[in-house]
Amino acid sequence: MERIKDVLAREPGVEAGAVRVGGWVRTRRDSKAGFSFVEINDGSCLASLQVVAGRDLPNYERDVLCLSMGSSVAVDGVLVASPGAGQKVELRATAMEVIGRADPETYPLQKKEISYERLREIAHLRPRTNTFGAVLRIRGELAYAVHSFFRERGFICLHSPIITTSDCEGAGAMFRVTTIDPGAPPRRPDGAVDTARDFFGASAYLTVSGQLEAEACACGVGRVYTFGPTFRAENSNTWRHLAEFWMVEPEMAFADLDADAQLAESFIRALACHVLANCGAELEFFRKRVDDGVVKRLESAATKPFDRMTYTEAVERLKASDRKFEYAPEWGGDLQSEHERVLTEICGGAVVVTDFPASIKPFYMRRSEDGRTVAAMDVLAPGIGEIIGGSQREERLDALEQNMRERGMDPANYGWFLDLRRYGTVPHAGFGLGFERMVQFCTGMRNIRDVIPFPRTPGNAEF
RNA sequence: UCCGACGUAGCUCAAUGGUAGAGCGGGUGGCUGUUAACCACUAGGUUGCAGGUUCGAGCCCUGCCGUCGGAGCCA
């Protein structure tokens, strides 16, 4: 069985020889002259292969004339130059086997455009559409590019745990993992549920970040990265949030904020370059059908150095702009999404914002000399907003414990994390990239639910 | 979770409180090296769910469910 992508790249003629392909019917057009055109797509590329099936096939009337969109077929034939316009080559069928029919009365996909909302309801059939096939191919290429980027730089791929008992403060609500029967939980003498008798001997959750474990491993082998699923139980319903998403989290020992920001920039650049170099047909499709600015933004990310500014400068530039804001920019406040958007517009591309107020960032970020900011950085991408968040970590034991106490956390609960500072501490830094947001950036797809195969959001875990 | 919109045929949408319609898709026939094919005919409905107002509700009111857009939280 050959893939249509490879077949379409071949030259027609005798040396092309016999070809066998398998795929799903996109459309069938009959000629009264006694043959039919059947377009087959197998998802290996955007393009479909035009098959010409004639009356000489023994099952022409019985099978070919009944083919409809969605039917699966295996075709043997000879690749020839196409006399018609619209395609260079076509497959003259010598045999066509119908493997599975798709009743056109009930098959949900149509030749007409279908809304993204509707496609989400039939997520198991979305992969058969042009748009979603292209999303899946780009997503796969990006995953490959992530691993090769880090491998080339000496980073070790780290499989951080998905189940955790450490409640990483401030990272968001967590999903509980338990084997306790909710109808008959074990109880302590005072009546409260006895979580110490749960499966892990303590309350356990799905991870919200592999960062803490990555720090531990980086402080042993130097450079690591995680690439895995991450879970947030927030009831957030937006175009850029999922309850289950994939995150890439590198962590470097002997690195400061500047090294972190440089890594982030070259990482985004490498991913953009890889997609530009390897997904030309898909990008052209997205440019024409989804977002006409997507290629320009990718090319900018691939070639133009990212602007760099401190949080303090960012607030000043926002104040100096003549934009009207729903929330006025003010030092000490979070950058609102409207602020992020304006910053990328001012800079005409991606921008790295550094040195945020300590009060709006988590306990593990390194306090700067000024005492009021931390060595944090966000990468803002045009059309997306925050695509990377990272920091230099607080490697000084005293300062880290102080940060914890200021936030009402008990250092005693973070013994192993503090050990990393207690024994042979080193400056280290890392960041997290929202993988789906990167897929959005590379495709122009506006809703994050349409760049992951089976999205999980509040009230929706079907499929 | 908050604010706003929406929910009618398989899909996308119409319909002053007064007989539920169109386009696409499906079926049948015609035409054609076709390619968003085209032409004719045809089938297809518990108007999201539950109440209420009214002689009469797709339309008005209440509650619930769901979807979308914006916001917050973040990646």
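A note on names: the letters A, B, ... follow the listed sequences, proteins ahead of strands, and every chain is numbered from 1. Side-chain atoms are counted along with the backbone in the values below, which use heavy atoms only and exclude waters and symmetry mates.
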Calculate the interatomic distance between [X] atom [atom1] and [N] atom [atom2]; express it in whole Å.
{"X": "A:E39", "N": "B:U35", "atom1": "CD", "atom2": "P", "value": "11 Å"}
{"X": "A:F325", "N": "B:G70", "atom1": "CZ", "atom2": "C1'", "value": "17 Å"}
{"X": "A:F356", "N": "B:A75", "atom1": "CZ", "atom2": "P", "value": "11 Å"}
{"X": "A:R55", "N": "B:G33", "atom1": "CZ", "atom2": "P", "value": "13 Å"}
{"X": "A:R118", "N": "B:G7", "atom1": "CZ", "atom2": "P", "value": "17 Å"}
{"X": "A:Q211", "N": "B:A75", "atom1": "CD", "atom2": "P", "value": "9 Å"}
{"X": "A:I122", "N": "B:U67", "atom1": "CD1", "atom2": "C1'", "value": "15 Å"}
{"X": "A:L433", "N": "B:C74", "atom1": "CG", "atom2": "C1'", "value": "13 Å"}

So what does [X] hit on the nucleic acid, given a heavy-atom distance under 4.0 Å: a base, only sugar-phosphate, or nothing?
{"X": "A:N237", "value": "base"}
{"X": "A:R240", "value": "base"}
{"X": "A:F35", "value": "base"}
{"X": "A:T238", "value": "base"}
{"X": "A:G432", "value": "sugar-phosphate"}
{"X": "A:P104", "value": "sugar-phosphate"}
{"X": "A:S82", "value": "base"}
{"X": "A:I387", "value": "sugar-phosphate"}
{"X": "A:E244", "value": "nothing"}
{"X": "A:R289", "value": "nothing"}
{"X": "A:E338", "value": "nothing"}
{"X": "A:R26", "value": "nothing"}

Hey, does the side-chain of [X] have a donor or acceptor N/O within less than 3.5 Å of a partner on the base of [N]?
{"X": "A:E90", "N": "B:G33", "answer": "yes"}
{"X": "A:Q87", "N": "B:U35", "answer": "yes"}
{"X": "A:Q50", "N": "B:U34", "answer": "yes"}
{"X": "A:R437", "N": "B:C74", "answer": "yes"}

In whole Å, what separates the [atom1] atom of [N] from that of [M]?
{"N": "B:G63", "M": "B:U53", "atom1": "C1'", "answer": "15 Å"}
{"N": "B:C38", "M": "B:G45", "atom1": "P", "answer": "26 Å"}
{"N": "B:G70", "M": "B:C61", "atom1": "P", "answer": "27 Å"}
{"N": "B:U1", "M": "B:C74", "atom1": "C1'", "answer": "15 Å"}
{"N": "B:C60", "M": "B:A14", "atom1": "P", "answer": "14 Å"}
{"N": "B:G29", "M": "B:U67", "atom1": "C1'", "answer": "41 Å"}
{"N": "B:G7", "M": "B:C13", "atom1": "P", "answer": "10 Å"}
{"N": "B:G44", "M": "B:G21", "atom1": "C1'", "answer": "13 Å"}

Counting only side-chain heavy atoms from C-beta out, which of [options] sits nearest to [X]?
{"X": "A:V52", "options": "B:G33, B:C68, B:A71", "result": "B:G33"}
{"X": "A:N447", "options": "B:G33, B:G69, B:G72", "result": "B:G69"}
{"X": "A:E117", "options": "B:U12, B:C68, B:C74", "result": "B:C68"}
{"X": "A:H241", "options": "B:C74, B:A71, B:G33", "result": "B:C74"}
{"X": "A:S337", "options": "B:G72, B:A75, B:U34", "result": "B:G72"}

Original post:
Checking A:R126 against A:F132: charged group under 6.0 Å from the ring centre and within 45 degrees of the axis?
Top reply: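 Yes; both conditions hold, so A:R126 lies above the ring face of A:F132.
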Original post:
If you pin A:Y327 and A:E436 to their nearest nucleotides in RNA chain B, which one's is more 5'?
Top reply: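 Per heavy-atom nearest nucleotide, the more 5' residue is A:Y327.
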Original post:
A:W246 or A:R120: which one's nearest nucleotide on RNA chain B is closer to the 5' end?
Top reply: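 On the 5' side of the pair lies A:R120.
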Has the side chain of [X] got a donor or acceptor atom that lies under 3.5 Å from a matching backbone atom of [Y]?
{"X": "A:E338", "Y": "A:E326", "value": "yes"}
{"X": "A:R139", "Y": "A:V439", "value": "no"}
{"X": "A:E436", "Y": "A:W246", "value": "yes"}

Subject >> salt bridge (Lys or Arg N to Asp or Glu O under 4.0 Å) between A:E61 and A:R55, worked out >> reply: CA-CA 7 Å; A:E61 270 84 13; A:R55 194 152 44 192; 5.0 Å; no
Subject >> Residue pair A:S36 / A:Y60, side-chain donor-acceptor N/O under 3.5 Å >> reply: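 A donor-acceptor contact under 3.5 Å links the two side chains.
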**OP:** Check whether the side chains of A:R393 and A:S391 place a donor and an acceptor atom closer than 3.5 Å, and report yes or no.
**Re:**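 Per modelled atom types, A:R393 and A:S391 side chains form a pair under 3.5 Å.
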Original post:
Taking a pair as Watson-Crick (N1 to N3 plus N6-O4 or O6-N4) or G-U wobble (N1-O2 and O6-N3), both under 3.5 Å, which stems of 3 or more consecutive pairs involve RNA chain B?
Top reply: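 Runs of three or more consecutive pairs: B:1-7 with B:65-71, B:10-13 with B:21-24, B:26-30 with B:38-42, B:48-52 with B:60-64.
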Original post:
Measuring from A:E249:CD to A:S209:OG, what's the distance to the nearest 0.5 Å?
Top reply: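 Separation between the atoms: 3.5 Å.
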**OP:** Measure the spacing between CZ of A:R366 and OG1 of A:T373 and express it to the nearest 0.5 Å.
**Re:**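 Separation between the atoms: 11.0 Å.
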Original post:
With a centroid cutoff of 5.5 Å and a plane-angle limit of 30°, would you call A:W239 stacked on B:G69?
Top reply: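 No, A:W239 does not stack on the base of B:G69, since the centre distance and plane angle fail the 5.5 Å and 30° test.
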Original post:
How about A:K304: does its NZ atom have over 12 heavy atoms from other parts shown lying under 6.0 Å from it?
Top reply: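 Buried by this count: over 12 neighbours within 6.0 Å.
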Subject >> Partner of A:M377 under side chain to side chain contact (heavy atoms under 4.5 Å, CB included), chosen from A:I388, A:D355, A:V353 >> reply: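 Testing A:M377 for a side chain to side chain contact (heavy atoms under 4.5 Å, CB included) against A:I388, A:D355, A:V353 leaves exactly one candidate, A:I388.
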Anything under 3.5 Å between a protein N or O and an N or O of nucleotides 30-32 of chain B, put it in a table, one pair a line.
unit_1	atom_1	unit_2	atom_2	d
B:U32	N3	A:D30	O	2.9
B:U32	O4	A:D30	O	2.8
B:U32	O4	A:K32	N	3.4

**OP:** Given ring pair (Phe, Tyr, Trp, His ring centres under 6.0 Å), test A:F231 with A:Y205 step by step and report yes or no.
**Re:** CA-CA 9 Å; A:F231 307 88; A:Y205 307 89; over 10 Å; no
Subject >> Partner residues of A:R449 under the side chain to side chain contact (heavy atoms under 4.5 Å, CB included) criterion, sequence neighbours left out >> reply: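 Partners of A:R449 by the side chain to side chain contact (heavy atoms under 4.5 Å, CB included) criterion, ordered by chain and then number, come out as A:R120, A:N237, A:L242, A:N447, A:P455, A:T457.
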